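Working notes for the structure below.
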Number of protein chains: 2
Amino acid sequence: MSTSRTSTPQTAGAGARSTLTRARVLAEAVALADSEGLGALTMRSLARELGIEAMSLYHHVASKEDLLDGVAEVVVREILDAVGALEPAPEDTPPAEWKHALRRRILTARSVLLRHPWAPSVLETRTGFSPYVVRYHDALVALLHRGGLSYDLVHHAMHALGSRALGFSQELFDPGGPGGDPAAAPEPDDEDLLARLTDEAPHIVAMLAEVAHVEPDSTLGWCDDQAEFEFGLDLILDGLERLAARGSR
Amino acid sequence: MSTSRTSTPQTAGAGARSTLTRARVLAEAVALADSEGLGALTMRSLARELGIEAMSLYHHVASKEDLLDGVAEVVVREILDAVGALEPAPEDTPPAEWKHALRRRILTARSVLLRHPWAPSVLETRTGFSPYVVRYHDALVALLHRGGLSYDLVHHAMHALGSRALGFSQELFDPGGPGGDPAAAPEPDDEDLLARLTDEAPHIVAMLAEVAHVEPDSTLGWCDDQAEFEFGLDLILDGLERLAARGSR
DNA sequence: ACCTGAACACCGTTCAAGT
DNA sequence: ACCTGAACACCGTTCAAGT
């Protein structure tokens, strides 16, 4: 479902739209993935949404792969905008506050990704050096180095953060999380699943019984993604801080 | 390329193989992904490899999705076998050594995944609760809890580890890493790339110039995946240890 | 220059039919 | 019961042709 049909004025009958640009193609692709999921983003469906024939897309995009590159770029640019709007500006933050500044940037990036739950799986598969991704990471490197961390430690830090630097993490048991396809999220189907888990994973069940906010037999109680993300992030940031204090490692 | 054609005796002419089982289908799927990459694993190519018609696969596998579930299961079972062979056995390790025991298990899991570079991208997309994945994580939970960590801290720990618990991590700039498709790994194309990066990412370039073992203008010098994985893992494990010492948090 | 229709070489999968 | 061939509904993409 989309309002693209009527969102811009056009000459009466034919399907010709104002003028197609790469930017409009990418924006529509993002909108389509937002509303229908990444699986629904095909060259044909995207063209339909734009009131155009599939083959016309190839005038603005070299291939499906290039389309996904562009889509990733749009999302990361959105992150850069959000992060750039932070106060105080990164250059004005006292170097010693690198940890809080980094934390804030990463959580801001995450808040953008929460609006595009499909984005992590696209970002994961981009192998090239997208200019905006590089620029984002370069700013993080600058922040850490200005904070007094040696380049050696900064390098380790970037690896340790991994995709967390962009605000998402790999949660193997979190089908509803930022990386998951909403359509693929299974109904917890509590009764059977819990019985199975009690057999196969008694310790996990015991853990969840103690930890989960809800009773484990009512729903399985998906965990608080945001809180767990921050826990893991802080674990890493605190560790880095400790290493930095220990004489730039 | 595969030796499956002659790997088992068979009656002279026809394509009928000993007898097809789900296990044999899955084993061949893993072998195919190992040798040709995940992209080359299609129902048709797998059938061809087995000397069979594509539709016959549906007698042993409900769908492609089910095939991938099974393939993931094979890999995780391989991890469980490798981890089970560790000495001393997990139940016999002194509880206080939970950190080293956990570290060893995770690095063992990683060594298995290094033999199946495509496996992380399959594991990432499994949304169900695979019995073997659950069992593996249950053992980790038991290890941590026996080590004296509260279930609350163990729960945070599992989230913080994320996919790292199974031995892989999300490296956005590591196309050749465990998560990458070898076919998609780009030639570093040093000249242009470095020029571009010097513009877009001066701090990253400065960092790499200081850190990389090789000169940055000869090759970009991909980082030491194993060392960086261990750095990040230890950062998390040390942090957990500190929290545990601080009175089970 | 931009857009199109028909066609190609793939997918996963259904279905009725063979043994 | 297990396996098959033809066919269906999709993909991304090529190509020659339209304006």
Side-chain angles (χ1 to χ4, degrees), chain A residues 4-5 8 10-26 28-29 32-33 36-72 118 121-122 125-127 181 183-184, chain B residues 4-5 8 10-26 28-29 32-33 36-72 118 121-122 125-127 181 183-184:
Chain A
S4 64
R5 218 63 229 232
T8 43
Q10 64 182 63
T11 52
R17 307 290 308 284
S18 44
T19 29
L20 209 51
T21 66
R22 184 181 163 95
R24 254 175 48 75
V25 168
L26 297 181
E28 190 65 42
L32 188 56
E36 312 281 344
L38 192 58
L41 176 57
T42 70
M43 299 302 270
R44 284 169 162 90
S45 68
L46 177 57
R48 196 182 316 121
E49 215 67 26
L50 288 162
I52 229 173
E53 223 65 17
M55 307 315 132
S56 309
L57 289 171
Y58 286 86
H59 260 266
H60 304 95
V61 133
S63 62
K64 173 87 185 264
E65 209 53 19
D66 183 43
L67 173 72
L68 291 177
D69 283 347
V71 157
W118 46 269
S121 51
V122 173
T125 56
R126 300 307 91 197
T127 59
D181 185 348
Chain B
S4 64
R5 219 66 228 234
T8 44
Q10 64 181 65
T11 54
R17 307 289 308 285
S18 43
T19 30
L20 208 51
T21 64
R22 181 175 220 263
R24 254 177 46 73
V25 169
L26 297 182
E28 190 64 44
L32 188 56
E36 311 281 345
L38 193 57
L41 175 57
T42 71
M43 298 303 270
R44 284 169 161 91
S45 69
L46 176 58
R48 195 182 316 121
E49 214 67 27
L50 288 161
I52 227 173
E53 222 65 16
M55 307 315 132
S56 310
L57 289 172
Y58 285 86
H59 260 267
H60 304 94
V61 134
S63 62
K64 174 89 184 266
E65 207 55 18
D66 183 43
L67 174 74
L68 292 177
D69 283 347
V71 156
W118 46 269
S121 51
V122 173
T125 57
R126 299 306 91 196
T127 59
D181 185 349

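Bear in mind that the values here come from a model prediction, so they are computed numbers and not experimental data. Throughout, protein chains are lettered first and strands after them, A, B, ... in sequence-line order, and every chain is numbered starting at 1. The basis for the numbers below is simple: all heavy atoms, side chains too, and nothing from hydrogens, waters or symmetry mates.
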Notebook entry, point to check: Salt bridge or not for A:Arg44 and A:Glu49, using N-O below 4.0 Å?
Noted result: no
Checklist line | Check ion pair A:Lys64-A:Asp69 (N to O, under 4.0 angstrom) | finding: no
Please give, in whole Å, the distance from [N] [atom2] to [X] [atom1]?
X: A:Ile52; N: C:dC2; atom1: CD1; atom2: C1'; answer: 9 Å
X: B:Leu20; N: D:dA1; atom1: CG; atom2: C1'; answer: 13 Å
X: B:Leu57; N: C:dG12; atom1: CG; atom2: C1'; answer: 11 Å
X: A:Leu46; N: C:dC3; atom1: CG; atom2: P; answer: 13 Å
X: A:Glu53; N: D:dG18; atom1: CD; atom2: C1'; answer: 13 Å
X: B:Arg48; N: C:dC10; atom1: CZ; atom2: C1'; answer: 11 Å

Next item on the list: Take A:Thr125 and A:Leu68, measure what side-chain contact (heavy atoms from CB on, under 4.5 Å) needs, and give me the verdict at the end.
Entry: CA-CA 9 Å; A:Thr125 56; A:Leu68 291 177; 5.6 Å; no
Margin query: Once rounded to the nearest 0.5 Å, what's the spacing between atom CG of A:Leu46 and atom CD1 of A:Ile52?
Written below: 9.0 Å
Next item on the list: Could you tell me the separation between the CG atom of B:Leu32 and the CG atom of B:Leu50, rounded to the nearest 0.5 Å?
Entry: 9.0 Å
Margin query: Which heavy atom of B:Ala54 sits nearest to which heavy atom of B:Tyr58, and what is that distance?
Written below: O-CD1, 3.9 Å
Check: For A:Val61 and A:Ser63, which heavy atoms make the closest approach, and how far apart are they?
Finding: CG1-O, 3.1 Å
Margin query: Is there a side-chain contact between B:His60 and the phosphate of D:dC3, meaning an N or O under 4.0 Å from OP1 or OP2?
Written below: yes
Margin query: Identify the stems formed by DNA chain D, where each pair is Watson-Crick or G-U wobble with both distances under 3.5 angstrom and a stem is at least 3 consecutive pairs.
Written below: C:4-8 with D:12-16, C:12-16 with D:4-8
Next item on the list: Carefully, step by step, assess B:Arg48 and B:Glu53 under the rule salt bridge (charged side-chain N to carboxylate O under 4.0 Å, His left out).
Entry: CA-CA 7 Å; B:Arg48 195 182 316 121; B:Glu53 222 65 16; over 6 Å; no
List, with names and distances, any nitrogen or oxygen atoms from the protein found under 3.5 Å away from nitrogen or oxygen atoms belonging to nucleotides 13-17 of chain C.
| unit_1 | atom_1 | unit_2 | atom_2 | d |
| --- | --- | --- | --- | --- |
| C:dT13 | OP2 | B:Tyr58 | OH | 2.8 |
| C:dT13 | OP2 | B:Lys64 | N | 2.8 |
| C:dT13 | O5' | B:Tyr58 | OH | 3.4 |

Notebook entry, point to check: Ignoring hydrogens and geometry, is there a side-chain-to-backbone donor-acceptor pair from B:His60 to B:Leu20 under 3.5 Å?
Noted result: yes
Notebook entry, point to check: Which part of the nucleic acid does A:Ser56 contact within heavy-atom distance under 4.0 Å: base, sugar-phosphate only, or nothing?
Noted result: base
